[in-house]
Amino acid sequence: MAEPKLPTRSEDFSEWYNQLVLRAELADYAPVRGCMIVRPYGWALWENITAALDSRFKATGHVNAAFPMLIPRSFIEKEKSHVAGFSPELAVVTHGGGEKLEEPLVLRPTSETIIGHAYAKWIRSYRDLPILINLWNNVVRWELRTKLFLRTLEFYWQEGHTAHATLAEAEAETRQMLDVYTDFAVNEAAIPVIPGRKSAAERFAGANDTFSIEAMMGDGKALQAGTSHNLGQNFAKAFEIRYLDPAGELQFCWTTSWGLSTRFVGAIIMVHGDDQGLILPPRLAPHQVVLCPIFKNDAEKTAVLEAAHRLRAELAAAGVRVKLDDRDNVSPGFKFNDWEMRGVPLRIELGPKDVAQNAVVLARRDRPGKEGKSSVPQAGLAAAVTARLAEIQQSLLDRALAERRRRTAEPKDYAEFRQAVEAGFALVPWCGDAACEAEIKAETKATLRCIPLEQEKGPAGHCVKCGQPAAERAYFAKAY
RNA sequence: CGGGGCGUAGCGCAGCCUGGUAGCGCACCUGCCUUGGGCGCAGGUGGUCGCCGGUUCAAAUCCGGCCGCCCCGACCA
């Protein structure tokens, strides 16, 4: 035993997560409290996430740009609810070049304000609209309690910022980007999510309407995995983003913003991981396949490595992200455990017996032990591997969906509701009153995650808390 | 900021009560041997014991102060 085993998820989910992030070499703690170093393996995963999202943003007409990290503090103060929301968590730069600054600068917590400033300069006419810009950057929020990937003082994300001529266009954009996130989560990360609308209490500071995708983690808690905001004309009015319409009338723009962060890496860990470690969805895994050669002596080594290099090249040529683990200072058994902990979806074992039969052993990460192993011929390996990866991708999604269903309840009364949110999600009629929502939060620690977009028609019943008639149903859960 | 825990080798820890040459496991390095589920043997490298001060012939150990980190809560993508 090289390393002590991870804690199991059932005995200590939080500690399982912390240790796994460190041991899998996704990230490490930085010298400053709450900050994180993203290590190459973690960054490779993030790069695959960014690639999958970026292509979707471009396909929907967006372009990338870069905005400065330093923002005049007065900018934050221009939009009333925005300043209220973000002031407590701002990092402020007061000195530069050895001199006290005339006006303090904040490290951007998000870029709505500096975007507002620029858009006000750039937009004159309805012909300038819409503006559809996305930023890949980092932001800083002075959070009190941090956790690797889930909540760090500095995090990486993308933030989209758009400006439109009409409310209808802004609404459509907000919803379109929520759909993009949903599509990404389900089809790339194999994470089932619930797209929905946030309550007023949970809304982004400065938004008229906030939508999110909510995912269930392996311990039944919810994670907001992406958000899309309809900012109405709030920022347009604060920053005077105006245009002349075809009739020559001066109008305020309608703006949106939407973001998805490195927090999503945490979601992947917590949704798919098991007691052995990570299980990465094939479409995002840095290494989709790891090839482990096995041999006893020089003659076997030569033959096995020759085959290994040939197969590695074949797979790479077929577009498979394959890693050949040719370390000779650790045993095959060690490598099996190591790569399982690090979540590689498919392993190829290649030893003298396989070489003799022109075959390899495939071992699926999602099915532990012998059950997940099978011998397949070397001829046509790339096709077999590609097919197997697609199966794993699908099985991860199916499994996560089944788990979410198992942990989602539709309690009939408040007593049942209190039990339900201890185990997972509760879908219940809600009257829409913020007071009920606040009482529920105070009494159960469960928050309103979202009002799902997909609702059955007609009245939903009676509010689980106050019994008043409810027009809609909402998901409540404890959340990260 | 409230509650809890911890700072001794890269990591995990023991030693502290009862002061007296700083230890164990893993990792790392060298060599041999091994390799189909976390190989083995032998030899080695590595620490101003979180920081400052006090007591003492002598402090990882006793006393005082400070700092940092982690976990649980309030805040949050």
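All chains are named by letter (A, B, ...) in the order of the sequence lines, taking the proteins before the strands, and each is independently numbered beginning at 1. Worth knowing before you read on, the calculation uses all heavy atoms, side chains too, and leaves out hydrogens, waters and symmetry mates.
Summarising the base pairing, B/G73 is matched to B/C1 through a Watson-Crick or G-U wobble pair whose two defining distances lie under 3.5 Å. The partner of B/U56 cannot be assigned: no Watson-Crick or G-U wobble pair with both contacts below 3.5 Å exists in any strand. Base-pair partner of B/G40: B/C32 (Watson-Crick or G-U wobble, both distances under 3.5 Å). Under the Watson-Crick or G-U wobble criterion, with both distances below 3.5 Å, B/C13 is paired with B/G23. Applying the Watson-Crick and G-U wobble criteria (two distances, each under 3.5 Å), B/C66 pairs with B/G50.
Between A/Asp326 atom CG and B/U35 atom P there is a gap of 19 Å when expressed in whole angstrom units. Straight-line distance from the CZ atom of A/Arg327 to the C1' atom of B/U35: 13 Å, rounded to whole Å. Nucleotide B/A27 holds its P atom 14 Å from the CG atom of A/Asn337, rounded to whole Å. Atom-to-atom, CG of A/Leu291 to P of B/G36 comes out at 16 Å; the value is rounded to the nearest Å. Atom pair A/Ile294:CD1 and B/U34:C1' shows a separation of 14 Å (rounding to whole Å applied). The OH-P distance, from A/Tyr480 to B/A74, rounds to 14 Å in whole Å. As rounded to whole Å, 14 Å separates atom P of B/A77 from atom CD of A/Glu159. To the nearest angstrom, P of B/A77 lies 10 Å from CD of A/Glu214.
A donor-acceptor contact under 3.5 Å is not formed by the side chain of A/Asp338 with the base of B/G38. Counting distance only, with no hydrogens placed and no angle test, the side-chain atoms of A/Lys373 and the base atoms of B/G37 include a donor-acceptor pair under 3.5 Å.
Using atom P as the reference point in both B/C51 and B/U61, the two lie 11 Å apart (nearest Å). Comparing the same atom, P, in B/C72 and in B/A27 gives a spacing of 30 Å after rounding to whole Å. Only the P atoms considered, B/G5 is 42 Å distant from B/G43, to the nearest whole Å. Here, B/A59 and B/C13 have their P atoms 28 Å apart, quoted to the whole Å. Using atom P as the reference point in both B/A77 and B/C66, the two lie 35 Å apart (nearest Å). Rounded to the nearest Å, the gap between the C1' atom of B/U21 and that of B/G37 is 45 Å. Nucleotides B/C62 and B/C49 place their C1' atoms 16 Å apart, quoted to the nearest Å. Rounded to whole Å, the C1' atom of B/C69 lies 22 Å from the corresponding atom of B/G64.
Place A/Lys370 and A/Ala225 on RNA chain B by their nearest nucleotides, and A/Lys370 ends up nearer the 5' end. Where A/Asn329 and A/Pro352 meet RNA chain B, the nucleotide closest to each residue was compared, and A/Asn329 sits on the side nearer the 5' end.
Judged by a 6.0 Å distance limit and a 45° cone about the ring axis, A/Arg404 is not positioned over the six-membered ring of A/Phe425.
Using a 4.0 Å heavy-atom distance criterion, A/Glu349 is classed as a base contact. Residue contacts for A/Glu340: at a heavy-atom cut-off of 4.0 Å it reaches a base atom on one of the strands shown. In this structure, A/Leu150 reaches the bases: a heavy-atom distance under 4.0 Å links it to at least one base atom across the strands shown. A/Phe155 comes within contact range of at least one nucleobase, with a heavy-atom separation under 4.0 Å. Heavy atoms of A/Thr152 sit under 4.0 angstrom from at least one base atom. Base contact: A/Gly351 has a heavy atom under 4.0 Å from a base atom. Across all strands shown, A/Val139 has no heavy atoms under 4.0 Å from either base or sugar-phosphate atoms. Across all strands shown, A/Lys335 has no heavy atoms under 4.0 Å from either base or sugar-phosphate atoms.
Residue A/Trp43 forms a side chain to side chain contact (heavy atoms under 4.5 Å, CB included) with just one option from A/Val265, A/Thr50, A/Asn48, A/Val38, and that option is A/Val38. Only one option out of A/His82, A/Arg108, A/Glu79, A/Lys78 pairs with A/Thr113 in a side chain to side chain contact (heavy atoms under 4.5 Å, CB included); it is A/His82.
In this structure, A/Pro282 and A/Leu346 have side chains that are not in contact, with every pair of non-hydrogen atoms separated by 4.5 Å or more.
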N/O-N/O pairs, protein side and nucleotides 69-73 of chain B side, under 3.5 Å:
unit_1, atom_1, unit_2, atom_2, d
B/C69, OP1, A/Arg33, N, 3.3
B/C71, OP1, A/Asn18, ND2, 3.3
B/C72, OP1, A/Ser14, OG, 3.4
B/C72, OP2, A/Arg145, NH2, 2.1
B/C72, O5', A/Arg145, NH2, 3.0
B/G73, OP2, A/Arg145, NH1, 2.7
B/G73, OP2, A/Arg145, NH2, 3.2

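In this structure, A/Trp16 and A/Phe13 have tilted ring planes: the angle between them lies in the 30° to 60° band. By the 30° and 60° cut-offs, the orientation of the rings of A/His117 relative to A/Phe75 is tilted. Classified by interplanar angle (parallel below 30°, tilted 30° to 60°, perpendicular above 60°), the ring pair A/Phe184/A/Phe264 is tilted.
If you check the side chains of A/Glu437 and A/Ser199, you find a donor sitting under 3.5 Å from an acceptor.
Across every non-hydrogen atom of A/Val304 and A/Ile294, the tightest pair is CG2-O, 3.4 Å. Minimum heavy-atom separation, A/Pro452 to A/Ile194: CB-CG2, 4.0 Å.
Under the stacking definition used here (centres under 5.5 Å, planes under 30°), the residue A/Phe334 fails to qualify as stacked on the base of B/G37.
Side-chain proximity of A/Phe336 to B/A77, B/G37, B/U35: nearest is B/G37. When distances run from any side-chain atom of A/Phe295 to the nucleotides B/G36, B/G37, B/U35, the shortest one goes to B/U35.
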